[in-house]
Amino acid sequence: MNLPVYVIGHKIPDTDSICGALALAELKQKMGVNAMAARIGHLNPETRFILDKLNVESPQYMTTARNTLAEIEIDEAYTVYKGDTLRRAWDICLENNTKTLYVVDENDNLVGMTTIGEISRIQMQDLAITQQLLSQTPIENLEAVLKGKILLKGTLPTNGQVRISDKKLMERDLRGAIMILDDAEDDMLKSMGRGCAIICIAENYVPNDYIIDIAKSMGVTLINTPYNTMKMIQMIYRSIPVELIMTPAHDIIRFNKTEFIQDVEREMLKTRHSSYPVMFQDKLVGSVARYHLLKSKKKQFILIDHNERKQSISDIDYADIIEIVDHHRIGDIETDKPIVFRNMIVGSSCTIVGLMYSEYGIEMSETVAKLICYGIISDTLNFHSPTCTETDRILASRLEKQFGFNHQNMATELFENTATIKGKTFRDILYNDCKEYTLSGKRVAISQVFIYNLDVVDDIEADFLKYMEDENKARRFDLRLMVFTNIEGKGSRFIYTGKLSNFFMGTIKDFEKQGVVSRKKQIVPRLSTELA
């Protein structure tokens, strides 16, 4: 299965990470890479507004970097009906080069499983075992496996014993036996007289009416077949129904296609089966073996707008990171081999993506140009953030001239429609854009939300502080900081809790006086310095 390369931003994605992922995925596609934009969290209102306006689909939602059975190559599940003969099962195995068959009922529900080895062993079984199995075999199975025709269907039950004509024929107890005979009608009469239940007649021979009438009166079944007697003896044991030798469904280890391959492998190690059924919504959808897990390839990711494990997709250790595009500090992501790692001092990851289009000589679409511009506007507070660089401004200006955009109009429309906490729950406000840090061994969480009117903080301050204190009882951050930032870069308001609150009280007051707006460039460095 050819999985795409996923271009994915950080947890609790912002506009820069989503727009950057979409723009970078399209760039990779134009470079011949099977790339797909993805996201870890849900879209915030600002990003949703942008995608709706541009009529762009949201990136694929993902929760883990691990593969499920649905995302790796597995075998087709070859099936046989429970009433089918072992001959039919054998042929299916040979035709499809498979060693495992799954047994289903008339509604295609899984009822059991068998293997070519188990089918082969029937020929080698103790005679008493095969006799018992044949005693439960329908007459129609004998007809099918012998490619014969039922001349007369009798009423006598068979005991599964198979006999041929010999010198001691008249001395044997043939009650319930299956007789293998040629065209000797005298042997047919003798066999019926000794109590046989079924007579299989070689080479399509049809006995006379007298024989048929005797058989009818005695309840004996007559079947003729094109095979000779030797071939009939070879084939008759293959008429046993599959359901008589299968492992029943309740004894089978099965997997759902949504299960992770690491969990599947752990369960496989407890048994020695060669293959296992894969189910979905109670229906058989495939067959998996250990070699499928061994040859499966890891998901591949391009990380954008982050390079720290705690901000990345869960289970990132199970994936291959092949590239990173970011504008934050260097984090703790590790790779097994050298990769392309592009890290620049710019205000937006979208700026880097825009530069990559130019460097590769690939023309971006108008939609991608708008995504990049929106990403820059959002992450630089419409070029007012201290993180904004001349590189951001130059790229945005070039795109503005090339595509006829008006950045100020784009920013005004965007912020008027999205920069508000009206109608949002305290949980949405606190966790919409929350990043965690370890600074000099202290655990710090900083949340940030952008609004037009900072005065609305006065209306919620007391209640919001109580909510933060309750939340911190479980997480126990040394400092939990909520930053309400003016969307036009005109300062911020702060609410905070944690055992370091008193230690940082003066610092946070300075933040408000100085009009601090950048978590990355202003808040985190200052807190880190004071804890050093």
Side-chain angles (χ1 to χ4, degrees), residues 9-14 16-17 40-41 44 303 305-317 324 326-334 343 345 347 349 379 381 385-387 426-450 454 457 460-486 491-532:
H10 50 73
K11 290 178 179 176
I12 314 178
D14 58 10
D16 187 37
S17 68
I40 307 172
N44 63 37
L303 306 186
D305 203 34
H306 73 290
N307 70 97
E308 294 187 65
R309 290 165 54 89
K310 64 187 176 185
Q311 293 184 18
S312 198
I313 188 168
S314 299
D315 307 308
I316 191 65
D317 290 340
I324 298 176
D326 192 19
H327 68 129
H328 296 95
R329 67 174 187 171
I330 305 300
D332 56 356
I333 290 286
E334 296 182 0
N343 186 271
I345 305 174
S349 291
D379 235 31
L381 305 182
S385 169
T387 62
F426 283 176
R427 169 167 287 277
D428 288 339
I429 296 171
L430 184 63
Y431 291 103
N432 180 66
D433 184 8
C434 177
K435 293 185 178 179
E436 300 175 13
Y437 306 86
T438 300
L439 307 177
S440 298
K442 303 297 183 181
R443 295 180 63 240
V444 177
I446 304 176
S447 302
Q448 189 170 27
V449 64
F450 294 93
L454 293 179
V457 178
I460 66 167
E461 185 169 8
D463 291 337
F464 197 85
L465 176 59
K466 177 64 167 55
Y467 176 75
M468 288 178 63
E469 291 171 343
D470 291 342
E471 287 292 295
N472 209 40
K473 288 177 182 178
R475 301 299 302 277
R476 296 184 180 180
F477 287 104
D478 296 295
L479 177 68
R480 180 147 213 166
L481 187 63
M482 182 70 229
V483 187
F484 297 88
T485 300
N486 174 262
S492 301
R493 290 282 302 276
F494 299 83
I495 300 176
Y496 53 98
T497 188
K499 63 183 181 181
L500 289 178
S501 294
N502 290 333
F503 180 82
F504 282 117
M505 184 181 298
T507 302
I508 294 172
K509 286 182 179 179
D510 285 345
F511 285 160
E512 292 189 339
K513 290 179 182 178
Q514 295 166 7
V516 165
V517 296
S518 173
R519 173 173 48 191
K520 177 180 68 175
K521 198 165 185 178
Q522 296 175 310
I523 298 173
V524 173
R526 174 78 179 271
L527 297 181
S528 180
T529 298
E530 297 200 8
L531 282 173

Do [X] and [Y] make a side-chain contact, defined as non-hydrogen atoms from C-beta onward lying under 4.5 Å apart?
X	Y	value
V449	D433	no
I446	I523	yes
R476	K499	no
L531	L500	yes
F494	K509	no
V444	L481	no
E471	Y431	yes
D379	H327	yes

Sub-3.5 Å donor-acceptor pair from the side chain of [X] to the main-chain atoms of [Y], do we have one?
X	Y	result
T485	S492	no
K521	P386	yes
Q448	V517	yes
D326	H306	yes
E461	V457	no
N472	F477	yes
T529	P525	yes
S447	L430	yes
D305	G9	no
D478	R443	yes

Straight-line distance of [X] [atom1] to [Y] [atom2], nearest 0.5 Å:
X	Y	atom1	atom2	result
M468	Y496	CE	OH	10.5 Å
S528	R329	OG	CZ	7.5 Å
L479	L439	CG	CG	9.0 Å
I40	S17	CD1	OG	8.5 Å
L303	I324	CG	CD1	5.0 Å
L454	E512	CG	CD	9.0 Å

Does the distance from a Lys or Arg side-chain N to an Asp or Glu carboxylate O, for [X] and [Y], drop under 4.0 Å?
X	Y	answer
R480	E469	no
E530	R526	yes
D463	K466	no
K310	D332	no
E436	R475	yes

For the residue pair H328 and N343, confirm or rule out a side-chain donor-acceptor distance under 3.5 Å.
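Judged by distance alone, the side chains do not pair up.
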Pair T507, D510: side-chain N/O donor-acceptor within cut-off below 3.5 Å:
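Looking only at side-chain atoms, D510 and T507 do not form any donor-acceptor pair under 3.5 Å.
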Derivation and outcome, side-chain contact (heavy atoms from CB on, under 4.5 Å), residues M482 and F426:
CA-CA 11 Å; M482 182 70 229; F426 283 176; over 6 Å; no
E308/Q311 under side-chain contact (heavy atoms from CB on, under 4.5 Å): CA gap, chis, key distance, verdict:
CA-CA 5 Å; E308 294 187 65; Q311 293 184 18; 3.6 Å; yes
For R309, salt bridge (charged side-chain N to carboxylate O under 4.0 Å, His left out) partners two or more places apart:
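Only D317 meet the salt bridge (charged side-chain N to carboxylate O under 4.0 Å, His left out) criterion with R309.
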Looking at F511, F464, F450, which hits ring pair (Phe, Tyr, Trp, His ring centres under 6.0 Å) with F484?
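So, applying the ring pair (Phe, Tyr, Trp, His ring centres under 6.0 Å) to F484 and each of F511, F464, F450, only F464 qualifies.
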